[in-house]
**Q** 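My structure is below; once you've seen it, I'll send some questions.
So that the names make sense, note that chain A is the first sequence line, chain B the second, and so on, each numbered from 1.
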Amino acid sequence: MQKEAALQTEGPVMILAGAGSGKTRVLTYRIAHLLNKGVDAFNILSLTFTNKAAREMKERIAKLVGNNEARNLWMGTFHSVFAKILRIEAEKLGYPTQFTIYDTDDAKSVLKSVIKDLGLDDKIYKPSTVYSRISAAKNNLLSWQEYMNNTEIQSDDRASAKPRLGEIYKLYYERCFRSSAMDFDDLLFNTNILLRNFPDVLHKYQHKFKYIMVDEYQDTNFSQYVIVKKLAAAFENICVVGDDAQSIYGFRGANIQNILNFEKDYPELKTFKLEQNYRSTKVIVKAANSVISNNKEQFQKDVWTQNIQGEKIKVIKTLTDNEEGWSVANSIFETKMTEQARNKAFAILYRTNAQSRSLEEALRKMSIPYKIYGGLSFYKRKEIKDIIAYFRLVINPADEEAFKRIINYPARGIGQTTLEKLTVIAEGVQKSVWAILEDLPHTDYGLNAGIRQKLWDFATMIKSFQVQLHTKDAFELAGNIAAHTGILKELYNEKTPEGVSRYENIQELLNGIKDFTENKTLRISPPSENFFEGEFSTETTALKTLDLFMEDIALLTDADEDVEDKDNADKVSLMTVHAAKGLEFPYVYVVGLEENLFPSQMALNSRSDLEEERRLFYVAITRAEKKLTVSYSQSRYKYGNLFQCEPSRFLEEIDEDLLEKPQENKPAKKVNLTEDFPWGGGSSFKKKTSASTYPSKTPTPSAPKVIPANLKKINTNEAGITQNVESIGDYVLGCKVEHEKFGTGEITKLEGISPNEKATILFEEIGEKVLILRFAKLRIIEP
DNA sequence: GTATTATCTAAGTCT
DNA sequence: TAGATAATAC
């Protein structure tokens with residue numbers, strides 16, 4: 001079946017591929033086959049879900065047909081491919097070629113100021129909610145005009161007490177446009193505008209992309225669907241690959257309906273079903289099938305395997321999230337020993353990034369190397385965003401978000417008041433804030449001379465970088481920016497450990513840019529000069545400039561980030577289930593299988609949300625090749641509070657005879673009882689347990705169920721009020737201490753529970769103060 | 001205008 | 001719990 005699908009190169013093709021059925025292999029061979037048949041690599045467009053997937057597929061194709069051919073393939077995510085096309089065609093839409101791509105943070109920040117300017121309450125119009133509403137509109141190809149004229153949407157918005165969303169959308173759009181910026185959704189939305197309003201452009205790309213392939217088709221949204229449909233209209237050599245059971249991006253507008261539409265759009269469609277799983281054991285495949293069968297909405301599919309039966313799925317049950325971490329780490333350690341497995345054969349998958357902490361801690365203490373994918377990625381760190389904001393402003397001076405971020409970083413005496421004045425002025429003359437700065441030599445805009453000088457100095461500095469943009473390579477310019485702006489110095493002078501690591505991160509970024517200029521990184525798509533085989537060739541400057549670097553990083557995804565691990569290190573992988581899509585590992589641990597976590601609490605309201613969670617669990621299960629382990633904990637810390645947890649309903653959906661359940665009344669695993677296990681050792685509980693960390697949402701009598709009653713007696717009386725004591729550590733009632741600000745004084749009272757022990761001190765100069773000992777930095781003068 | 005401290009608030013998955 | 005914002009002192 002794989003071969004048939006790969007050979008069917010002409011006409012519309014749909015491949016419904018179950019998990020582990022080798023769809024990447026089919027795509028790879030299909031493209032290799034096209035190339036062998038003499039199809040020009042420039043005429044093949046292949047859309048993948050991550051850039052990493054594109055890169056890997058390209059490498060595999062290169063092995064089959066040689067690097068020269070493979071290099072010219074047009075491969076990447078929807079966003080990166082069409083961002084590239086938009087840069088070529090930007091001027092038709094009124095954007096400069098160097099438009100900025102706003103990430104979610106930028107977008108929310110714009111929204112925040114829009115909401116404020118409209119005088120609306122940001123408690124009702126929460127930027128994140130507004131953002132997702134606008135995002136949904138764009139993904140359904142609704143402009144702000146259409147949004148405002150759509151009666152259904154308008155009554156929806158009135159019903160949810162947010163009638164002015166349309167206005168916000170309008171202003172948001174205008175501001176992004178004025179900043180020469182597109183958000184993620186604009187990349188697709190504007191591609192649609194481009195293909196709709198410019199028939200010659202559409203014609204050009206239709207004839208360029210004679211063969212189109214789309215991977216993970218079940219996760220495309222309406223906007224993407226329309227793009228593909230239009231581009232494929234001339235030749236209809238379109239092949240989509242997908243699995244409805246693995247559709248997990250509904251929240252982003254992904255629509256399984258696209259698969260159904262596909263059948264309607266192309267009546268002569270050839271469909272191939274890949275149902276044999278080559279990845280997992282029988283146990284794992286059966287478990288996955290039994291889980292997914294609980295979904296009502298799904299296509300008929302029958303995934304099976306010839307692989308061995310395999311071990312049962314082990315269920316780990318623990319008392320706390322920390323113990324869960326320990327049990328998983330222990331199990332990995334044991335498996336490594338008994339099966340002679342390498343670290344990289346293991347993956348730990350969780351529903352939310354926040355769950356990684358307890359796992360990390362346990363792995364670290366057991367000296368098991370690991371790597372976390374996602375979470376706070378390198379490019380989201382403050383110091384990196386700061387310096388990148390300089391890059392952005394140099395490349396696109398209209399970029400208001402970048403401007404706001406750095407106008408006073410490092411501090412140069414241009415504060416909030418000045419910034420507000422500038423924005424008002426800019427709004428008044430309908431120009432960008434940058435344009436106001438450029439005007440300063442001619443008009444004072446009512447600003448006083450001191451401020452004007454400071455602003456002009458800043459503008460001059462940025463201008464000096466702009467001059468270098470096309471004369472210096474990326475590394476040189478980036479280095480100049482880091483040095484001349486004072487960022488490096490600022491971070492260097494910060495002697496805290498965080499400051500040092502920030503400094504190192506900047507250095508790491510500069511190193512990355514250096515690699516880029518020396519062309520060590522493999523570019524995913526062909527450089528735009530030979531994109532049109534000469535047709536568009538600009539004077540080919542060999543210079544790798546900063547704007548080219550920025551194009552490369554704007555759309556990096558979490559899955560793409562293994563660049564830093566060049567040595568292909570042997571490490572355990574930690575990631576969310578979403579991030580694990582498309583990957584496979586011999587040993588997989590799915591952790592945190594608890595109600596309200598997996599399935600997520602937010603998915604419990606509607607059937608379709610719950611079904612998406614179930615598909616997510618299906619994806620998690622099917623990542624495993626040899627052995628699957630699942631775990632849940634009976635209590636878990638969430639935002640500082642301890643919560644009781646129930647096992648996930650998904651566990652019950654796995655056939656019981658496939659499971660190896662934990663024995664009741666016995667600890668699931670021997671764990672290190674002295675650390676990280678709140679009530680294990682006599683004194684260590686104090687670190688984690690105190691009056692203030694009792695769950696706040698539940699009444700005190702029932703809440704601390706997992707905290708043994710005898711602990712209460714140690715630091716609190718029966719009413720739960722803290723007791724006064726004679727001494728805490730070296731501090732004794734009546735002893736004299738010195739505080740660096742308050743001077744000397746005498747301790748008159750000691751109270752509180754670790755770690756929040758407090759002392760009341762009568763200072764000679766300023767009188768009585770109550771200080772938390774942990775923070776107070778007191779020096780004992782007389783015991 | 002800047003730096004420090006107190007208070008509030010959100011809390012999910014990703015391009 | 002941690003990040004963002006508001007309040008305060010300088």
**Q** Does B:dA10 have OP1 or OP2 sitting under 4.0 Å from an N or O in the side chain of A:Ser128?
**A**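 Result: no.
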
**Q** Respond yes when some side-chain nitrogen or oxygen of A:Asn353 is under 4.0 Å from OP1 or OP2 of B:dA11, and no when none is.
**A**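 It does not, given that no N or O in the side chain of A:Asn353 lies less than 4.0 Å from OP1 or OP2 of B:dA11.
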
**Q** How close or far is atom P of B:dC14 from atom CE of A:Met602, stated in whole angstroms?
**A**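 In whole Å, B:dC14 P and A:Met602 CE are 13 Å from each other.
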
**Q** Give a yes/no answer on whether the side chain of A:Thr576 brings an N or O atom under 4.0 Å of OP1 or OP2 in B:dG12.
**A**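 A:Thr576 to B:dG12 OP1/OP2: no side-chain N or O under 4.0 Å.
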
**Q** For the NZ atom on A:Lys229, are there more than 12 heavy atoms of other groups (residues, nucleotides or ligands in this structure) within a distance under 6.0 Å?
**A**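 12 or below, so no.
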
**Q** Check this one for me: any side-chain N or O of A:Arg381 less than 4.0 Å away from OP1 or OP2 of C:dG3?
**A**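 Negative; the distance criterion is not met.
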
**Q** Is the base of B:dT15 stacked against the aromatic ring of A:Phe78, taking ring centres under 5.5 Å apart and planes under 30° as the test?
**A**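 No, A:Phe78 does not stack on the base of B:dT15, since the centre distance and plane angle fail the 5.5 Å and 30° test.
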
**Q** Only counting residues at least two apart or in another chain, list the ones meeting side chain to side chain donor-acceptor pair (under 3.5 Å) with A:Asp243.
**A**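 Scan of A:Asp243 (side chain to side chain donor-acceptor pair (under 3.5 Å), adjacent residues dropped) gives A:Gln246, A:Lys301.
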
**Q** Per the atom types in the model, does the base of B:dT13 pair as donor or acceptor with the side chain of A:Arg252 at under 3.5 Å?
**A**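 When only heavy-atom distances are counted, A:Arg252 does not reach the base of B:dT13 through any donor-acceptor pair under 3.5 Å.
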
**Q** Donor-acceptor pairs under 3.5 angstrom involving side-chain atoms of residues 407-414 of chain A: please list them, not counting sequence neighbours.
**A**
unit_1: A:Asn408; atom_1: OD1; unit_2: A:Arg412; atom_2: N; d: 2.7
unit_1: A:Asn408; atom_1: OD1; unit_2: A:Gly413; atom_2: N; d: 3.3
unit_1: A:Asn408; atom_1: OD1; unit_2: A:Ile414; atom_2: N; d: 3.3
unit_1: A:Asn408; atom_1: ND2; unit_2: A:Ile414; atom_2: O; d: 3.2
unit_1: A:Arg412; atom_1: NH1; unit_2: A:Ile406; atom_2: O; d: 2.8
unit_1: A:Arg412; atom_1: NH1; unit_2: A:Ile407; atom_2: O; d: 2.8
unit_1: A:Arg412; atom_1: NH2; unit_2: A:Tyr390; atom_2: OH; d: 2.9

**Q** In whole Å, what is the span from the CZ atom of A:Arg636 to the P atom of C:dT1?
**A**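 Taking atom P of C:dT1 as the reference, CZ of A:Arg636 is at 16 Å.
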
**Q** Check the distance between B:dG1's P and A:Leu455's CG and give it to me in whole angstrom.
**A**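 Going from CG in A:Leu455 over to P in B:dG1 covers 10 Å.
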
**Q** Given the structure, check if the side chain of A:Gln355 and the base of B:dG12 hold any donor-acceptor pair shorter than 3.5 Å.
**A**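 Checked by distance alone, the answer is no.
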
